[in-house]
Every structure is written in structure tokens, then in C-alpha cells.
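Because the structure is a prediction, the values reported are computed rather than measured.
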Amino acid sequence: MLILSGKTFLRLAVTFAALAGMYQLWQQRERVLYLGKSLPQQRETVFQRAGIPPELVGQTAELARHWPQDLRYQAKGDANALSYVQYLLIPRIPVKDAEYILRVQGAVLTAEPVPAPPADAPAAERATPKGLILSFAVLLGWAALLRKIWRGRATWPEALALACLFLTLLTLPTRFFFLSAQPAFGGAIILALVGWATLLANTLLSLMQKKDRAAQHAASVSRGGRIFSGLLLLIIAAGLLWSFLMAVVVVPDDWDAWAIWGSKAKVLALGSGPLEDVTRFGHADYPLLWPTVWAFSGWFAGGWEECWSKGWGAIFLLLCVWEMRIAVSAQSGSRTAGLLAAALFVSIPNVPLLASWAYAEVPLWLMMTCGLACVLRWRREEGRRADAVLAGLFAAAAAHTKNEGLLFAALLGLLLLSGRRRKDALFSLLAFTLCYLPWFWWTRLHLDLGAAVPQHWDANSLRRAASRIAPAMEAIFGMWKDVRQWNIVGAGLGLAVLGTVLRRRPDAALLLLPTGLLLGCFTVILFNANEIYWQIGTAWNRLTVQVLPLFLMLLLIILFKKEIQ
């Protein structure tokens with residue numbers, strides 16, 4: 001029988017207090033600033049908070065009513081203000097050489113010349129959950145089909161993550177060859193119908209068996225265990241709900257959300273032109289899995305939708321913690337361990353907050369979590385090749401989500417090579433190469449777009465990087481010790497990692513995967529051209545959260561099971 005100690009109750013109390021604080025933050029900030037306001041009013045508030053004249057909102061809307069949707073223009077003036085103006089004007093694309101010039105000077109927006117209004121002016125934007133619901137339903141149908149193809153080998157979170165990858169792999173060449181993503185989006189519906197038919201058939205056949213298993217499981221769990229599991233589920237549900245409310249109540253209100261991810265997504269949803277149009281906005285080389293899913297949701301809503309579509313962040317978070325629960329429970333033999341890993345992750349204040357920002361961080365968490373889970377399953381079951389192939393697919397999915405995914409793919413490959421059946425690593429590499437090589441060729445070789453990696457290793461660069469280590473560590477520890485961002489989980493996680501390494505457990509070497517990710521990102525920051533405190537302040541929280549689900553999965557498995565085979 002599970003006994004709840006005083007320390008456990010204290011941790012739960014602190015966690016619930018943190019969740020209450022997050023809810024109070026939403027009540028005092030997002031609810032007051034955005035709830036109940038129209039989309040133009042929300043944007044004016046976002047402009048004010050970003051230091052952009054709010055008068056530009058109305059001027060941009062007026063310009064959008066007059067400019068044709070396929071127009072291309074030059075953009076000149078304040079880059080900060082232009083980032084949101086350009087986002088609002090999509091599918092109109094900013095280029096270096098164009099007949100029309102758009103200028104932002106203070107609170108004044110000018111465009112010369114302005115053509116006559118088109119006969120078919122676009123409908124006014126409105127927030128609607130239709131796109132979020134329908135896009136999720138389609139990808140759920142894909143997931144059912146993928147599970148059938150994989151004979152149930154992939155979990156539901158893994159199957160949904162693969163559906164996002166394959167939607168991206170279908171959309172990008174469609175836009176490249178046919179100048180539009182709409183044929184891919186329409187074709188996705190057909191595959192979803194097949195998947196839903198498969199899902200309904202399997203559900204009818206297995207309904208009674210699941211009922212019997214559920215009854216047996218309920219009888220085998222103690223009353224104390226059920227109470228503790230219920231508390232953990234409550235923490236998870238509260239974090240997910242808070243993240244979802246934070247996301248859908250407001251238009252993109254952070255620079256990366258509108259200037260990078262939202263702009264690329266809006267081009268895919270509305271644009272009719274070369275795929276290269278997605279490179280006209282912030283960070284041209286950034287991959288497109290998250291913008292593709294966002295664009296798919298917006299397309300279902302009638303062309304574009306930017307509030308409810310952000311709810312995909314909470315969905316990705318749900319899938320991530322679901323996969324953590326499944327993987328940890330299977331590896332440790334403890335259902336409580338799986339729920340505890342998921343609850344600890346969601347209870348960290350930075351996690352639901354980042355999931356609400358429409359950044360690509362959350363799908364990256366999901367892809368890396370699924371990749372690690374497949375490798376652990378492969379190791380435990382002595383080399384099931386299907387799991388190695390799945391791991392390669394999730395490595396490709398991570399690389400299609402953020403550039404950090406390339407480092408994850410390399411480290412995951414090393415983990416596969418350390419297993420008993422190294423030949424399976426070749427199949428994993430083949431799966432990764434087939435999925436990622438076309439994107440690599442197009443961005444790195446054809447368009448010659450560079451990634452944010454160290455470019456020079458000469459003596460001056462090395463000396464500069466070495467001189468930045470001390471201030472970087474000072475800034476990092478200053479951020480990590482902030483309990484408002486990390487709760488008590490951050491400190492506890494660091495102590496657990498240290499204790500595992502010092503006790504020299506055989507499975508402690510697996511912690512090199514998340515540790516290597518963190519050290520790799522730290523190295524890139526040291527060589528980055530930007531000022532060190534600014535770079536740490538803008539990126540390190542997100543980079544830390546990227547490795548937390550991997551650390552939590554491995555630590556909970558190690559603590560609840562003596563050794564991973």
C-alpha cells in the first residue's frame with residue numbers, strides 16, 4: 001500500500017500553490033488584457049506591449065482590404081513594427097525588388113502605389129475552434145491508420161506525432177511543385193477517413209477485452225495508490241487547462257510567434273507561390289513541421305485562424321506527457337512512476353507557459369520524448385527493428401521541428417549504436433535520411449541558408465568563447481534558481497541527476513543524451529555573435545525545458561527500477 005509521506009504532501013502543496021499562482025497570473029494579465037476583446041482590439045494591446053504604435057493595426061487592416069492577396073512588396077522602416085505588419089499582410093510577400101513599397105515611420109504606415117480594391121475582398125478574420133477540432137480529427141484518423149500499419153507497435157502519442165511528420169512531408173513537396181499546400185491538405189482528409197474506419201472497427205472488436213482488463217487493473221490498485229494517482233492526474237489536467245486557456249484567448253503576442261512561426265504558417269495556409277516564400281520572414285532556415293500543422297488548422301477554419309489554432313500547443317503538451325507516462329510505466333513496471341514523471345513536468349511553471357506561446361518548442365518536446373521512448377523499448381526488448389526505425393523517424397521529425405533536432409538525432413544515433421544489435425542503427429539512419437535529406441538539400445545546398453552553429457574555430461573565436469563561459473554560467477544559475485519559473489522540481493531534478501551519477505549506476509550513462517543536448521546548445525551560445533546576457537535571457541529557459549522530459553523519463557525509470565536492460 002502506498003503511504004504518502006509528509007515530504008510528498010509538502011511537494012504536492014507547493015505544486016498546487018504554483019498552479020494557483022499561474023491561474024492568478026492568467027486572471028490578472030491575459031484575462032484582463034485580452035478576454036472579451038475583438039481581434040483588432042487584442043492586436044492593439046499586443047502592439048502597445050511590444051512598443052509598436054497601436055495605430056498601425058487599423059492602418060494595416062485598411063491596407064489589407066485594398067491590396068490584392070498575391071501582391072509582393074518592399075518593406076522599409078522599423079523592423080520591430082514591420083514584423084507584425086508583415087504577418088498581418090500575409091499572403092502578400094515582402095521581397096527585395098517589388099513594384100510596391102511599404103514604409104513604417106513612427107505611427108504612420110504608407111504604401112505606394114495602392115491599387116484599386118479587388119472585386120473579391122477577403123472575409124473578415126474571426127476566432128473559431130472549427131479548424132483546431134477538424135485538423136485534430138484528421139490527424140487522429142492518420143494516427144489510427146499508422147497504428148494499424150505498425151501493428152500497434154507505436155503508441156497513440158507516437159502515432160499522432162508521426163501523423164504530423166507525414167503531413168509535413170506531404171505538404172512541402174506539394175507547395176514546391178504545385179505552388180500551393182491545398183492539394184496536400186485536401187488529400188489528408190481521404191487518408192483520415194480510411195484511418196477512422198480502421199479505428200471504429202478495432203474499437204468494436206476490442207471493447208469487451210478492454211473492459212475486462214480495466215476491471216482487473218482497478219481491483220489490483222490500492223486505495224492509497226488510487227488517491228495519489230488521482231492527485232497526479234489533477235495536477236496534469238490543471239497544467240494542461242491553464243496552458244490551453246493562455247493560448248486560445250489571444251492572437252500571437254510574442255515576437256517569435258508572429259515574426260517566425262505564425263508568418264511561415266500563414267504563408268503555407270494562404271499563399272500561392274513558390275515554397276521559397278516561407279524564407280522571406282524571420283530565420284529563413286527554420287524547419288516547417290509546426291507551421292504546417294498550424295497552417296492545416298487555419299485552412300480548416302476557412303483559410304487562416306490564429307487564436308484557436310494556438311491550442312495545438314496544449315495538444316502537443318498532452319501528447320508529450322502521455323508518452324512520458326506510457327514509457328516510464330512500461331520501463332519501470334510502475335504506473336505511479338509514469339504519472340509522477342508527467343505531473344512533475346507539467347507542474348513546472350515554465351512548461352505550460354511556453355506551450356501557450358505558439359513556439360515550436362512543444363512539438364519538439366513530443367518528438368524527442370517519442371524518440372527516446374522508442375530507443376528504450378528497443379533496448380529492453382533486445383532489438384525490435386521496428387522500434388529502431390521509429391526512432392529514426394522521430395529523429396527526422398525533431399529535425400523538421402527545430403534545428404536543435406539535428407543534435408538530438410546525432411545523439412540518438414549514438415545511443416542506438418551502443419546497443420546489442422548495431423545493424424538496426426543502419427535502418428534507423430536510413431529512415432532519418434529519407435525523411436530529412438530533401439529538406440537539408442533544399443535549405444542548406446540549394447538556397448544556401450545557414451543554421452545557428454559555430455562557423456569558425458580559430459584561436460580568436462576560441463578565446464572569445466572561453467571568456468564568455470563565466471558570465472554565461474552566472475546568468476544561467478541566476479535563471480535556474482528562480483522558483484517562480486522552475487518550482488521545486490528544477491532543484492530536485494539537478495540533485496537526482498547528481499546522485500545517480502555519483503552512485504555509478506550502470507544505466508546512468510543514458511543521461512548523456514539530455515546532458516549532451518544541453519552542452520551542445522551551451523556551446524552554440526558561447527560562439528554566437530550576440531551579447532551573452534541577451535542570448536542567455538532569450539533562449540536558455542526554452543533550451544532547458546527541451547531536455548527536462550528526457551531527464552525526467554530516465555530518472556524516474558532509474559529510481560523505480562534498478563537497471564534498464
Note, [X] side chain near [Y] side chain (heavy atom, < 4.5 Å):
| X | Y | value |
| --- | --- | --- |
| Phe296 | Leu268 | no |
| Trp540 | Ile525 | yes |
| Val293 | Ser135 | no |
| Leu416 | Trp378 | yes |
| Leu169 | Cys435 | yes |
| Arg380 | Leu376 | no |
| Leu510 | Ile557 | no |
| Phe136 | Leu140 | yes |

Checking [X] now: which residues fulfil side chain to side chain contact (heavy atoms under 4.5 Å, CB included) with it, not counting sequence neighbours?
| X | answer |
| --- | --- |
| Ala395 | Ala409, Leu412, Phe432 |
| Trp439 | Leu172, Pro287, Leu288, His400, Tyr436, Trp442, Thr443 |
| Leu245 | Trp26, Leu241 |
| Asn80 | Ile52, Asp78, Ser83, Trp255 |

Could you report the tightest heavy-atom contact between [X] and [Y], atom names first, then the distance?
| X | Y | result |
| --- | --- | --- |
| Val267 | Phe281 | CG2-CE1, 3.4 Å |
| Ala342 | Val321 | CB-O, 3.6 Å |
| Leu552 | Met324 | CB-CE, 4.0 Å |
| Ala341 | Val328 | CB-CG2, 4.1 Å |
| Ala327 | Met553 | CB-CE, 3.7 Å |
| Tyr533 | Ala475 | CD2-CB, 3.9 Å |

[X]: which residues meet the salt bridge (Lys or Arg N to Asp or Glu O under 4.0 Å) condition with it, sequence neighbours left out?
| X | value |
| --- | --- |
| Arg153 | Glu381, Asp387 |
| Lys402 | Glu361, Glu404 |
| Arg49 | Asp253 |

Quick check: does any side chain N or O of [X] sit under 3.5 Å from a backbone N or O of [Y], one acting as donor and the other as acceptor?
| X | Y | value |
| --- | --- | --- |
| Arg468 | Leu526 | yes |
| Lys310 | Ala247 | yes |
| Arg444 | Leu449 | yes |
| Arg421 | Leu417 | no |
| Ser243 | Gly239 | no |

Pairing residues for [X] by the ring-ring contact (aromatic ring centres under 6.0 Å, His included) criterion, not counting sequence neighbours:
| X | result |
| --- | --- |
| Phe244 | Trp308 |
| Trp150 | none |
| Trp365 | Phe345 |
| Trp441 | His446 |

Rounded to the nearest 0.5 Å, how far does [atom2] of [Y] lie from [atom1] of [X]?
| X | Y | atom1 | atom2 | result |
| --- | --- | --- | --- | --- |
| Arg335 | Ile326 | CZ | CD1 | 11.5 Å |
| Leu555 | Leu340 | CG | CG | 11.0 Å |
| Thr433 | Phe440 | OG1 | CZ | 11.0 Å |
| Ser263 | Arg280 | OG | CZ | 13.5 Å |
| Trp261 | Trp290 | CH2 | CH2 | 10.0 Å |
| Thr523 | Phe527 | OG1 | CZ | 7.5 Å |

In terms of side-chain geometry, is the basic nitrogen of Glu158 or Arg377 positioned less than 4.0 Å from the acidic oxygen of its partner?
yes
- Query: Is the shortest distance from a Lys or Arg side-chain nitrogen in Asp424 or Arg384 to a carboxylate oxygen in the other one below 4.0 Å?
  - Reply: no
In short, side chain to side chain donor-acceptor pair (under 3.5 Å) pairs touching residues 314-328 with sequence neighbours left out are Thr155-Glu323
Quick check: are there more than 12 heavy atoms from other residues, nucleotides or ligands sitting under 6.0 Å from CZ of Arg464?
-> yes
Tested for side chain to side chain contact (heavy atoms under 4.5 Å, CB included) against Leu160, the lone hit among Leu319, Leu366, Leu318, Ile315 is Leu319
inquiry  = For Tyr87, does the six-membered ring have the charged nitrogen or CZ of Lys266 within the cation-pi criterion, i.e. under 6.0 angstrom from the centroid and within 45° of the normal?
reply    = yes
